[in-house]
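For reference, the structure discussed in these notes is given below.
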Amino acid sequence: MSAERYNPREMEPHWQNVWNQNQSFIARNDDPRERYYVLEMFPYPSGRIHMGHVRNYAMGDVLARYHRAQGKNVLHPMGWDAFGLPAENAAIERKQNPGPWTRQNIASMREQLKSMGLSIDWTREIATCEPDYYQHQQALFIDFLAAGLITRKKSKVNWDPVDMTVLANEQVIDGKGWRSGAPVEQRELTQWFFKISDYADELLAGLDGLEQWPEKVRLMQRNWIGKSEGLRLLFEIAQGSETGATSIDVFTTRPDTIFGASFLALSPDHPLTGQLAATDPALATFVDECHSLGTSTEALEKAEKRGYLTHLTVKHPVIEGATLPVYVANFVLMDYGTGAVFGCPAHDQRDLDFARKYDLEVNPVVLPPGADAAGFVIANEAYDEAGTIFNSEFLDGLSIEDAKRAATAFFAERTVDGRPQGTVEINFRLRDWGISRQRYWGCPIPVIHCEVCGTQPVPKKDLPVILPEDVSFDQPGNALDHHPTWKNTTCHQCGGAARRETDTMDTFVDSSWYFARFTAPQATTPTDPKAASAWLPVDQYIGGVEHAILHLLYSRFFTRAMQKTGHVAVAEPFKGLFTQGMVTHETYKSAAGDWVLPTEVLIEVHGEKRTAKRLGTDAPLTIGSIEKMSKSKKNVVDPDEIVATYGADTARWFMLSDSPPERDVQWTEAGVEGASRFQQRVWRLVGETAALNEQSKDIVVKKDDKEAVVLRKTTHRAVHAISDEIEGLRFNRAVAQVYELTNALVRAAGVMAAAPESRLDALHDGVSRLVQVIAPMMPHLAETCWAALGHQGLVADAPWPEVDPSLLIDDEIIIPVQINGKRRGELNVARGTPRADLEQQVLSLDVIVRMLEGKAPKKLVIVPDRIVNVVI
RNA sequence: GCGGGCGUGGUGGAAUGGUAGACACACAGGACUUAAAAUCCUGAGAGGGUAUCCUCGUGCGGGUUCGAGUCCCGCCGCCCGCACCA
């Protein structure tokens, strides 16, 4: 055994080769063992992997390798989310097709991922931009269409003026496009929609069963779906029947406050508003103003509540002879409920603001507990908490909940326009998912438009509808639409001329089912239902929390749609979800204000002060805040360089140590060097152990002495703890346990000379187990050590070390002794020492005797095997 | 505004209501070396006594408990999500 330093540059490619030749990580669908499907969110092929990928895939790989060692049939695949705008924008810049660009990126990122030594089944690799993937997506689209899960409708949509495409509601963040950051405009277009809102209730209820999801994500989805139960209430028109309308539908969750109603408000987009505006130029102007303001949410937020008083009035539904004015108000959304509301200013802040502005009545009808009915007035704050109904005739004295029921029942009995005046209605915030994108680089929607036969799906036998690659990006807009011939086709029904749909699908469709495709990536149908039902749901899915709503909600809907159309057997795609934190780094700025790459920075440490200067020029630099790694701030570290300098294992180890995986981790040079030192430390320990073995091969190993037993206990305890931490995805704690075990083994190896013949086996066994438990995290190092220790075969194929339960318990334990809750001493006793014996021993302790000063303790709390507290 | 999370040494962070600060990074001192790197050993929450002892200490203020970083109530600060949703 040589004392040479471990050389990852040499060993890492070697073991990657061995694993590859051994086909160590190929999952077989006919393998009868228990299955485990671990998946990390697949990357967008931007060209280079970043540290966020390293962290994400290191975590997934630990689980994959751990569960494989547990004897499971592990599926750990990788693919590429390859359609999308960056490729198209790059193509426009370079005037070349996104296809070759994307495929090149995939090739180089694949090599980078392989250099990380991930235990991935590369035979299952898929790329969403290839026809062998997207043709199945087109087949799914056709099935969904036939099953009534897709509609085509004209509606207001979010238009991103920079990316020149439509966006789904989920893709509009703070009124801006999620990708371009441009303020989103409203446009009316005919678009394809997935009817996700049909599943709103089911998607909401399903969240309760997702026990292995972070509560935070479940909450975000709950809020996004936004279920609210209320009443659809009809207000009879008193004045204004010349419009032809005889009533206005309103949605409310507070029918209990109906006696406090003082006005009605219509959305500027309400059909009745349009009708009125046709003959009322002032109203038309008002509506236009609302629209010009209404493009960005920011503007909305600051916008004052404004209204326009129409000449319409409605009958108050419960106060005989009273009428209410009808306004058009800028704060009423056409999207939600019925696009019309009744205002009860006393109990809704927004209504109150409006009422104060237009001098409308404020009639309180909910009395706070303990308040005086005569003296209760509303000032500038609406009262929206619990109370008793008053000023409300037949509802008086009821609680809010009871009054809601009573009012609901009351209106259900009455009729307006031959309809019940009130019907229970449930509203959701969730809108249908608009998937049409006016972009080239996406999955073509498999539909044709025929003048005679209408819009119809492409027959499945004609799939795939291939995305042509001979397109030009000379003009702005959708290159597919500009293609000279592609969109011309013939109608398969009448044989006449027809036009292909030139919109492509939102790329979130691509990522909504890739996890299912991985279970049988060569199947001639979208899935092999047998394989899909065997593997799904994914046992552990890992990715960034930024997908908490978009991708994860779409995938949950899509899985249900696939279930309905017979492609999968489950409703929920991901049994366990883990959202990992980001990778951050310090930022550096030059005197001129330019960001500077960490590789160009030299950090100097003077005691506790750190200063930075530019490598080469020695120009002083400012050390800035710690932020998420981003190209714009240049605080990025290239994984390739780290792998070349320290090796993949070091990068993986560092990513897993220190910070809890769900939190952000700060990348530091010092941290990486620490990880690298640890790698060498393990290697030295293995070298010493192997050398001791070699020197002592003629020695007859004697029975364990006391030290050896201690060492075995330490080992078994550590293995037990590490297994537990890995299963719970607490990798930082697993790492800490590994450090402790290593420290113990290094110490033991150092004092071996004293009695090698009775400790050798315990040491060798301990070091071997150490190597096994670090294998999921530093797989290359582990293989090298495994071989150096003289083990046959690969550690990647070795079963996880078993733990001897008898070694986990100590016979002798130390019990802390407290006086008044403060630790004052300890007791060394045998495990299971009974209460009475403990009491006697505690009372004879020097400290206790001294502190008691001859008096008896007030109280003695004894928890056997745990703690003793003496109260004096 | 609504909802959720977090707050512990110089730093990242440990701690089923039971010895606060595991483990690591950084730092200081020492050993080895011609020297450096590497490695090994030692120290360290703060303050005092300088021995093995005492006091204070987990954002702030209360409470429950024999015992609270942990549970409850009220504040302060930071982060995230949603936001005119009737």
Side-chain angles (χ1 to χ4, degrees), chain A residues 5 173-175 214-224 226-228 230-231 233 250-254 257 265 267 294 297 300-305 329-333 335-344 347-351 353-354 384 427-429 545-546 548-549 605-610 626 654 657-660 662-666 668-675 677-678 680-681 684 730 732-743 746 750 814-826 847 857-863 866-872:
Chain A
R5 285 172 66 79
I173 316 287
D174 290 336
E215 188 52 37
K216 179 191 162 87
V217 174
R218 292 201 281 173
L219 238 140
M220 282 166 69
Q221 292 212 352
R222 240 174 238 131
N223 292 339
W224 189 263
K227 181 178 183 171
S228 72
L231 191 68
L233 188 57
V250 158
F251 176 73
T252 179
T253 55
R254 295 295 301 272
T257 63
S267 162
T297 347
L300 273 178
E301 208 173 306
K302 289 173 195 129
E304 204 182 346
K305 310 228 169 332
N330 62 347
F331 63 84
V332 183
L333 307 172
D335 271 8
Y336 189 79
T338 60
V341 297
F342 81 74
C344 175
H347 305 293
D348 182 289
Q349 191 58 45
R350 198 187 37 208
D351 293 348
D353 295 345
F354 191 80
D384 57 6
N427 261 295
F428 292 95
R429 216 185 72 103
V545 73
E546 66 273 19
I549 293 172
V605 181
H606 322 275
E608 277 177 13
K609 267 177 76 182
R610 294 169 72 246
I626 296 155
F654 178 63
S657 50
D658 283 354
S659 290
E662 67 279 9
R663 280 199 229 167
D664 291 354
V665 65
Q666 190 193 344
T668 61
E669 278 302 302
V672 181
E673 271 163 23
R677 276 201 299 274
F678 177 68
Q680 297 298 343
R681 186 170 157 86
R684 276 197 310 277
R730 296 176 294 263
N732 58 319
R733 279 157 60 170
V735 164
Q737 294 281 348
V738 168
Y739 274 117
E740 282 193 71
L741 175 58
T742 309
N743 292 344
V746 167
I814 295 167
I815 295 184
V817 176
Q818 299 179 327
I819 295 172
N820 292 343
K822 278 196 176 164
R823 184 188 166 278
R824 295 293 158 164
E826 55 191 35
V847 231
K858 272 195 202 142
K859 190 169 178 182
L860 208 51
V861 180
I862 297 172
V863 186
R866 275 234 95 121
I867 202 160
V868 176
N869 191 9
V870 184
V871 185
I872 57 176

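We name chains A, B, ... by the order of the sequence lines, and we start the count at 1 in each one. These numbers were taken from a predicted model, which means no experiment stands behind them.
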Rounding to an integer number of angstrom, what distance separates [N] and [M] when you compare their [atom1] atoms?
{"N": "B:A37", "M": "B:A31", "atom1": "P", "answer": "15 Å"}
{"N": "B:A44", "M": "B:G29", "atom1": "C1'", "answer": "11 Å"}
{"N": "B:C75", "M": "B:C66", "atom1": "P", "answer": "28 Å"}
{"N": "B:C71", "M": "B:U64", "atom1": "C1'", "answer": "8 Å"}
{"N": "B:G45", "M": "B:A20", "atom1": "P", "answer": "14 Å"}
{"N": "B:U11", "M": "B:G47", "atom1": "P", "answer": "15 Å"}
{"N": "B:U58", "M": "B:A46", "atom1": "P", "answer": "15 Å"}
{"N": "B:G12", "M": "B:G21", "atom1": "C1'", "answer": "13 Å"}

Taking the side chain as everything from C-beta on, heavy atoms only, tell me whether [X] gets closer than 4.5 Å to [Y].
{"X": "A:Val665", "Y": "A:Asp658", "result": "no"}
{"X": "A:Ile867", "Y": "A:Gln818", "result": "yes"}
{"X": "A:Asp351", "Y": "A:Phe342", "result": "no"}

Report the distance from atom [atom1] of [X] to atom [atom2] of [N], rounded to the nearest whole Å.
{"X": "A:Ile819", "N": "B:U19", "atom1": "CD1", "atom2": "P", "value": "16 Å"}
{"X": "A:Phe251", "N": "B:A86", "atom1": "CZ", "atom2": "P", "value": "7 Å"}
{"X": "A:Glu826", "N": "B:U52", "atom1": "CD", "atom2": "P", "value": "15 Å"}
{"X": "A:Gln349", "N": "B:C84", "atom1": "CD", "atom2": "P", "value": "15 Å"}
{"X": "A:Leu860", "N": "B:U65", "atom1": "CG", "atom2": "P", "value": "19 Å"}
{"X": "A:Ile549", "N": "B:C80", "atom1": "CD1", "atom2": "P", "value": "15 Å"}
{"X": "A:Met220", "N": "B:A83", "atom1": "CE", "atom2": "P", "value": "11 Å"}
{"X": "A:Asp335", "N": "B:A86", "atom1": "CG", "atom2": "C1'", "value": "14 Å"}

With both distances under 3.5 Å as the test, what is the Watson-Crick or G-U wobble partner of [N]?
{"N": "B:A36", "answer": "none"}
{"N": "B:A24", "answer": "B:U11"}
{"N": "B:C2", "answer": "B:G81"}
{"N": "B:A46", "answer": "B:U55"}
{"N": "B:U64", "answer": "none"}

Treating [X] as the side-chain partner and [Y] as the backbone partner, does any N or O pair qualify as donor plus acceptor under 3.5 Å?
{"X": "A:Asp348", "Y": "A:Gly343", "answer": "no"}
{"X": "A:Ser267", "Y": "A:Val332", "answer": "yes"}
{"X": "A:Asn427", "Y": "A:Ser228", "answer": "no"}

Among the nucleotides [options], which one has an atom lying closest to any side-chain atom of [X]?
{"X": "A:Glu740", "options": "B:A86, B:A22, B:A14", "value": "B:A22"}
{"X": "A:Asp658", "options": "B:U19, B:A24, B:A22", "value": "B:A24"}
{"X": "A:Arg823", "options": "B:A86, B:C66, B:U19", "value": "B:U19"}
{"X": "A:Ala670", "options": "B:A14, B:C25, B:A86", "value": "B:C25"}
{"X": "A:Val861", "options": "B:G18, B:G12, B:A86", "value": "B:G18"}
{"X": "A:Arg429", "options": "B:U19, B:C40, B:A83", "value": "B:A83"}

Looking at every strand, decide which applies to [X] at a 4.0 Å heavy-atom threshold: base, sugar-phosphate, or nothing.
{"X": "A:Asn820", "value": "nothing"}
{"X": "A:Lys822", "value": "sugar-phosphate"}
{"X": "A:Asn743", "value": "sugar-phosphate"}
{"X": "A:Val250", "value": "nothing"}
{"X": "A:Arg222", "value": "nothing"}
{"X": "A:Ser659", "value": "sugar-phosphate"}
{"X": "A:Gln818", "value": "base"}
{"X": "A:Asn869", "value": "base"}

May I ask you to evaluate whether [X] reaches the phosphate of [N], defined as a side-chain N or O under 4.0 Å from OP1 or OP2?
{"X": "A:Ser228", "N": "B:A86", "value": "yes"}
{"X": "A:Arg677", "N": "B:A24", "value": "no"}
{"X": "A:Arg681", "N": "B:C40", "value": "yes"}
{"X": "A:Arg824", "N": "B:C54", "value": "yes"}
{"X": "A:Tyr739", "N": "B:A24", "value": "no"}

Rounded distance [0.5 Å steps], [atom1] in [X] versus [atom2] in [Y]:
{"X": "A:Arg429", "Y": "A:Leu333", "atom1": "CZ", "atom2": "CG", "result": "10.5 Å"}
{"X": "A:Arg222", "Y": "A:Lys227", "atom1": "CZ", "atom2": "NZ", "result": "12.0 Å"}
{"X": "A:Ile815", "Y": "A:Ile862", "atom1": "CD1", "atom2": "CD1", "result": "9.0 Å"}
{"X": "A:Ile819", "Y": "A:Arg824", "atom1": "CD1", "atom2": "CZ", "result": "6.0 Å"}

Is B:G59 in the syn range, within 90° of 0, or in the anti range?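 Anti, which is what one calls it when the glycosidic angle falls more than 90° from 0.
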If you assign each of A:Val341 and A:Val871 to its closest nucleotide in RNA chain B, which residue comes earlier from the 5' end? A:Val871
Per nearest nucleotide of RNA chain B, the residue lying toward the 5' end, A:Ala340 or A:Gly821, is A:Gly821
Could you go over nucleotides 1-7 of chain B and give all protein N or O partners under 3.5 Å, atom names and distances?
none

Hey, is the side chain of A:Lys305 pairing donor to acceptor with the base of B:C84 inside 3.5 Å?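 Answer yes: a donor N or O sits under 3.5 Å from an acceptor.
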